[in-house]
Amino acid sequence: MGKRAKMIAKIKELMEKYDRIRNIGICAHIDHGKTTLSDNLLAGAGMISKELAGEQLALDFDEEEAQRGITIFAANVSMVHTYEGNEYLINLIDTPGHVDFGGDVTRAMRAIDGAIVVVCAVEGVMPQTETVLRQALRERVKPVLFINKVDRLINELKLTPEELQSRFIKIINDINNLIRKMAPEEFKDKWLVRVEDGSVAFGSAYNNWAISVPFMKKSGITFKDIIKYCEEDRQDELAEKAPLHEVVLDMVIKHLPSPPEAQKYRIPHLWKGDLNSEAGKAMLNCDPNGPLAGVITKIIVDKHAGAVSVCRLFSGRIKQGDEVYMVNNQQKAKIQQVSVFMGPERIPVDSISAGNICALVGLKEASAGETICSPDKIIEPFEAITHISEPVITVA
Ligand code: GDP
């Protein structure tokens, strides 16, 4: 079997093991490194060529926005990562970073269970960091922290180890203060990020390296080493010893919840139907054999397939040819194609089950925010989408 065929087979296998799935997003203030991180995670996990990621990033400087990184306009990209001997499927949903896309951010947050909050080490926590973190916490999306652009603290600002440390402590404290302030009551303490347990990582997305306390213990690499690699202009060697994707995706798998874990506390918040009903129980348990329930988070337009709906499935299973019901539209539609993502690409599959992010062709009248279910078992729609009242114009 070729590499591509093997990867397709692996994704098909993993999408049936819902505890091996992580649905995540990356949240950041503009320019803090979201695009660079997404592209380099994808390249590191072997889902796009490293050269392509580099090329896309190079375009960042002088081409139109539309040609930015490969992941930026993909509604979802998926990657496979091995952690402690087990393989995991990570779906990375694009969460728009600009405040005036408030509605889109909320919709994307609905589909994810965890978020990597990226903070630039030079600028620290900025207003938009607070806005996106608030959006995430409101949707009961658990955060981990990635402190980016550490290379700049060393090479440009020439901070001493003590100054570096106090800079990191300040960022971590700022984030934790926001979590304390904005997280749902039951998670105010549980969701704080901690250096010791590896829910905080540091690095340089651009130079492709990262470090966390668990990775330091495992690899023997110290902060002193990091400073040396940066000062001696040997960040490419550091990227081999402490690869960005390994450290960050290990953090994602260890600290962000699987769909069955997250749905237990997210469904009561996201869905106001009867939790003791058949559909309610199935969603709480992420049951692939329960009634169909899913939310469309985004519509993408494909050259060949036309409108493609990106959907998070909370229970049940969808297969090609199925008839589904769109609750807000009060319309039935026939599913023409069901796909999963491999990198930025869509791979048609026979069926897809609860906990996954899938792409559906056939829902012509669907719009983002739509609830889908089986025509025989119509469910309450997911709560109406509301926007955070910031001084922004929301595009609903
Ligand atoms: P986004 O707006 O959050 O998507 O940010 P980008 O990924 O586009 O990054 C903004 C700028 O910061 C780009 O010029 C990147 O090349 C640069 N950048 C991103 N990560 C790093 C890093 O770790 N170190 C340095 N020195 N520059 C970085």
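Whatever order the structure lists ligands and atoms in, that order sets their numbers, starting from 1. Only heavy atoms go into these numbers, but all of them, side chains included; no hydrogens, no water, no symmetry mates.
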J.: Which atoms from ligand 1 have a heavy atom of Ala205 less than 4.0 Å away?
T.: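 In order of numbering, the contacting atoms are 23 (O).
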J.: Under a 4.0 Å N-O cut-off, is there an ion pair linking Glu323 with Lys334?
T.: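 Not counted as a salt bridge, because no side-chain N and carboxylate O are separated by less than 4.0 Å.
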J.: Against heavy atoms of Lys34, which atoms of ligand 1 measure under 4.0 Å?
T.: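 Ligand 1 atoms under the 4.0 Å threshold to Lys34: 1 (P), 3 (O), 4 (O), 5 (O), 7 (O).
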J.: Using the rule given for side chain to side chain donor-acceptor pair (under 3.5 Å), can you reason through Ser204 versus Asn207, listing the C-alpha separation, both sets of side-chain angles and the distance that settles it, and then say yes or no?
T.: CA-CA 5 Å; Ser204 171; Asn207 294 291; 2.9 Å; yes
J.: Return the option from Tyr206, Trp209, Phe146 holding the heavy atom at the smallest distance from atom 28 (C) of ligand 1.
T.: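 Nearest heavy atom to atom 28 (C) of ligand 1 lies in Tyr206.
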J.: Indicate, as side chain, backbone, both or neither, the part of Asp31 found under 4.0 angstrom from ligand 1 when only non-hydrogen atoms are considered.
T.: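 Both backbone and side chain.
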J.: If you count the atoms of ligand 1 from 1 in the order shown, which ones are under 4.0 Å from a heavy atom of Ser204?
T.: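 With Ser204 as reference, the close atoms of ligand 1 come out as 22 (C), 23 (O), 24 (N).
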J.: Ligand 1 versus Thr36, non-hydrogen atoms closer than 4.0 Å: side chain, backbone, both, neither?
T.: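 Thr36 to ligand 1: contacts from backbone and side chain alike.
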J.: Atoms of ligand 1 less than 4.0 Å from Asp151 heavy atoms?
T.: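 Listed by number with element, the hits are 22 (C), 23 (O), 24 (N), 25 (C), 26 (N).
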J.: Can you check whether Lys149 has an N/O within less than 3.5 Å of an N/O in ligand 1?
T.: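 The answer is yes, given that Lys149 and ligand 1 share an N or O pair closer than 3.5 Å.
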J.: Parallel, tilted or perpendicular: which describes the rings of His29 and His32, with under 30° parallel and over 60° perpendicular?
T.: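 The arrangement is tilted - the two ring planes meet at 30° to 60°.
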J.: Tell me whether Asp302 is salt-bridged to Arg346, with the criterion being a basic N under 4.0 Å from an acidic carboxylate O.
T.: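 Result for this pair is yes, salt bridge flagged.
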J.: Where's the contact between His32 and ligand 1, heavy-atom distance under 4.0 Å: side chain, backbone, both or neither?
T.: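 The backbone, only.
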J.: Can you check whether Gly33 has an N/O within less than 3.5 Å of an N/O in ligand 1?
T.: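 Such a contact does occur with ligand 1.
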J.: Taking the basic N atoms (NZ, or NE/NH1/NH2) and the acidic carboxylate oxygens, is any pair closer than 4.0 Å for Asp197 and Lys190?
T.: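 Here Asp197 does not pair with Lys190 in a salt bridge, since their nearest N and O are not under 4.0 Å apart.
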J.: Does any N or O of ligand 1 fall below 3.5 Å from an N or O anywhere on Ala28, backbone included?
T.: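 Between Ala28 and ligand 1 (N or O atoms, distance only) the closest approach is not under 3.5 Å.
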J.: Hey, is Arg140 close enough to Glu186 for a salt bridge, meaning N to O under 4.0 Å?
T.: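 Yes, Arg140 and Glu186 are salt-bridged.
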J.: Scan Ile90, Leu14, Asn356, Ile357 and name whichever one has a side chain to side chain contact (heavy atoms under 4.5 Å, CB included) with Ile21.
T.: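 Looking at Ile90, Leu14, Asn356, Ile357, the match for Ile21 under the side chain to side chain contact (heavy atoms under 4.5 Å, CB included) is Asn356.
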J.: From Ile26 CD1 over to Leu92 CG, what is the distance, rounded to the nearest 0.5 angstrom?
T.: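 Taking CD1 in Ile26 and CG in Leu92, the distance rounds to 4.5 Å.
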J.: Going by the atom numbers of ligand 1, which of them fall below 4.0 Å from some non-hydrogen atom of Arg152?
T.: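 Here the atoms of ligand 1 in question are 26 (N).
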J.: Do Asn148 and ligand 1 have an N or O pair less than 3.5 Å apart?
T.: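 Yes, there is a polar N/O contact under 3.5 Å.
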J.: Under 3.5 Å, N or O to N or O, is Asn207 touching ligand 1 that way?
T.: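 No - when backbone and side-chain N and O of Asn207 are compared with those of ligand 1, no distance drops under 3.5 Å.
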J.: I'd like to know whether the aromatic ring centres of Phe215 and Phe202 sit less than 6.0 Å apart in this structure.
T.: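 Between Phe215 and Phe202, the centre distance exceeds or equals 6.0 Å.
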